[in-house]
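First comes the structure, then the notes that go with it.
All of these numbers come straight from a predicted model, not from anything done at the bench. Counting starts at 1 for both ligands and their atoms, following the listed order.
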Amino acid sequence: MLSVTDARQRLFDALVPTEPELKPLHDVAGLVLAADVAANEDSPRFANSSMDGFAVRAADLAGASKAQPAALKVVADIPAGIVSQVALQEGQAARIMTGAAMPPGADAVIPVEDTDVPAPYTDAPLPSEVKVIRSLESGAYVRPRGEDFAAGDVLLNAGTHLRPQEVAMLALLGQADVSVHRRARVAILSSGDELVPVDRPLKPGTIRDTNSYALSSLVAGAGADVIPLGIAPDDLETIKAHLDRAVEQGADLILSSAGVSVGAFDYLREAVLSQGELDFWRVNMRPGKPLAFGRYRNIPFIGLPGNPVSCFVGFEVFVRHALHKLMGDLNWQRLVVRGVLDDQVKSDGRESYLRGVTQVKADATHVKLTGHQGSGNLYSLVQADCLFVVPAGVNDMAPGSDVDIWPL
Ligand code: AMP
Ligand code: MG
């Protein structure tokens, strides 16, 4: 049977990123850059003060101390946003605010706290003289031009997932519109005669559809748009009709849950095969062995297992990675924490994903099982703050074993 690693790779390789589009900067967080972005200017653009204080010539302050302050004549006032043309001569200073451009002739800034001027000094008149109580090095409290990066530097590469810090950088670079991969559209379908939406009464033998809601939150959280397809009953033609709606609404990916196992009423595989192909439909893992991947009318299709925990784990193990590729991020890697297992864990040798709760201790991050690990038991997933991995081929993990932890 196909290993988790091979299945994930096949899925990843089969998906193609959405096409680039130009989007306003306020709308690109969570999306992926479609083109490199280079600096067209140095940053900072001009040498500026990193403190509120006085721009000075460091040489004028040699030997200054509390006992013997250096007295400087204040010849200019430079708020942020203003460029002063007054060049400092020997023995002169200019009052300067944080972020303001250094005046000609100055090579350092003395913070207001190191002068006889009382701070804070909002609205204070410009003093004619300032006494400085210490010396400093040339360049002190000056942010030189180009300290952060230089014009021409490629700062962000195509394929970069835009976090808030990259959005800020794009603003710094004056990119009002940004070339990003279009948000992927993911259709979500639940299947099963027993399923009831959250706002409808339950009849005997029926259960709530939870997978639609879990998958919608996961997909939206990954930055993609959701096309909700609702619940299809266990009927081949109706399932096909639901899948057709996904195609008509322009889905880039169809995610379904349940109906891909070997049960008498599992029609999803048949529905997909009627209008497409299946690459695989089982993966050697636990929970969630029934996991299908193929195409329906040429739209990539992933059939997740029906059990709520298997469905969730299937998303984390396969779909999250695939969604990153679909949104243009080819290099995404999950952050895995290496920790220590506190419980005894048995496995049947399949690669297993168990629900755990972590505790950060002085020596390491420790992990314990949460509640009953049955694949239908949502509460033990709610109690978990991680999944941890029992590798393929391992039947027994003793307390104290090293373990890979996937924070949730
Ligand atoms: P199946 O793959 O159809 O055999 O479903 C496996 C198990 O998952 C059954 O117990 C189903 O009732 C349950 N199940 C399937 N779909 C959902 C869903 N959308 N929400 C909650 N449980 C589900
Ligand atoms: Mg079913």
Are any of the heavy atoms in Gly263 under 4.0 Å away from ligand 1?
->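 Gly263: no contact with ligand 1 (<4.0 Å).
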Heavy atom of Pro305, distance to ligand 1 below 4.0 Å |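 It does not; every heavy atom stays at 4.0 Å or beyond.
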Relative to ligand 1, is Ser190 under 4.0 angstrom through side chain, backbone, both or neither, heavy atoms considered?
->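 Ser190 to ligand 1: side-chain contact only, backbone stays beyond 4.0 Å.
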Residue portion contacting ligand 1 (non-hydrogen atoms closer than 4.0 Å) for Ile231 |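 The answer is neither; Ile231 stays 4.0 Å or more away.
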Partner residues of Glu21 under the side-chain hydrogen bond (donor to acceptor under 3.5 Å, both in side chains) criterion, sequence neighbours left out =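 Glu21 satisfies side-chain hydrogen bond (donor to acceptor under 3.5 Å, both in side chains) with no other residue.
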Residue list, salt bridge (charged side-chain N to carboxylate O under 4.0 Å, His left out) with Arg208, at least two apart or on another chain |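 By the salt bridge (charged side-chain N to carboxylate O under 4.0 Å, His left out) rule, Arg208 matches no residue at all.
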Can you tell me the protein heavy atom closest to [atom] and the distance?
{"atom": "atom 2 (O) of ligand 1", "result": "Gly259 N, 3.2 Å"}
{"atom": "atom 4 (O) of ligand 1", "result": "Asp266 OD1, 4.0 Å"}
{"atom": "atom 14 (N) of ligand 1", "result": "Gly306 O, 3.2 Å"}
{"atom": "atom 22 (N) of ligand 1", "result": "Ile207 CD1, 3.6 Å"}
{"atom": "atom 17 (C) of ligand 1", "result": "Asn211 ND2, 3.3 Å"}
{"atom": "atom 20 (N) of ligand 1", "result": "Thr210 N, 3.0 Å"}
{"atom": "atom 7 (C) of ligand 1", "result": "Asn307 OD1, 3.5 Å"}

Show me which atoms of ligand 1 lie under 4.0 Å from any heavy atom of [X].
{"X": "Pro308", "answer": "21 (C), 22 (N)"}
{"X": "Glu194", "answer": "11 (C), 12 (O)"}
{"X": "Arg208", "answer": "20 (N), 21 (C)"}

Check the surroundings of atom [atom1] in [X]: do more than 12 heavy atoms from other residues, nucleotides or ligands lie under 6.0 Å from it?
{"X": "Lys23", "atom1": "NZ", "answer": "yes"}
{"X": "Asp123", "atom1": "CG", "answer": "no"}
{"X": "Gln165", "atom1": "CD", "answer": "yes"}

Carboxylate-amine/guanidinium proximity below 4.0 Å for Lys240 and Glu237 |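 Yes, charged N to carboxylate O under 4.0 Å.
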Salt bridge flag under 4.0 Å for residues Arg57 and Asp107 =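 A salt bridge is absent here (no side-chain N lies under 4.0 Å from a carboxylate O).
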Specify whether Phe280 and Phe293 have parallel, tilted or perpendicular ring planes, treating 30° as the upper limit for parallel and 60° as the lower limit for perpendicular.
->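 Tilted: the ring planes of Phe280 and Phe293 meet at 30° to 60°.
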Could you tell me if the ring centre of Trp406 sits under 6.0 Å from that of Tyr353?
->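 Yes, close enough.
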Please determine if Asp209 has a nitrogen or oxygen closer than 3.5 Å to a nitrogen or oxygen of ligand 1.
->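 Between Asp209 and ligand 1 (N or O atoms, distance only) the closest approach is under 3.5 Å.
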What is the distance from atom CG of Leu323 to atom CG of Leu15, rounded to the nearest 0.5 Å?
->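 Between atom CG of Leu323 and atom CG of Leu15 there are 8.5 Å.
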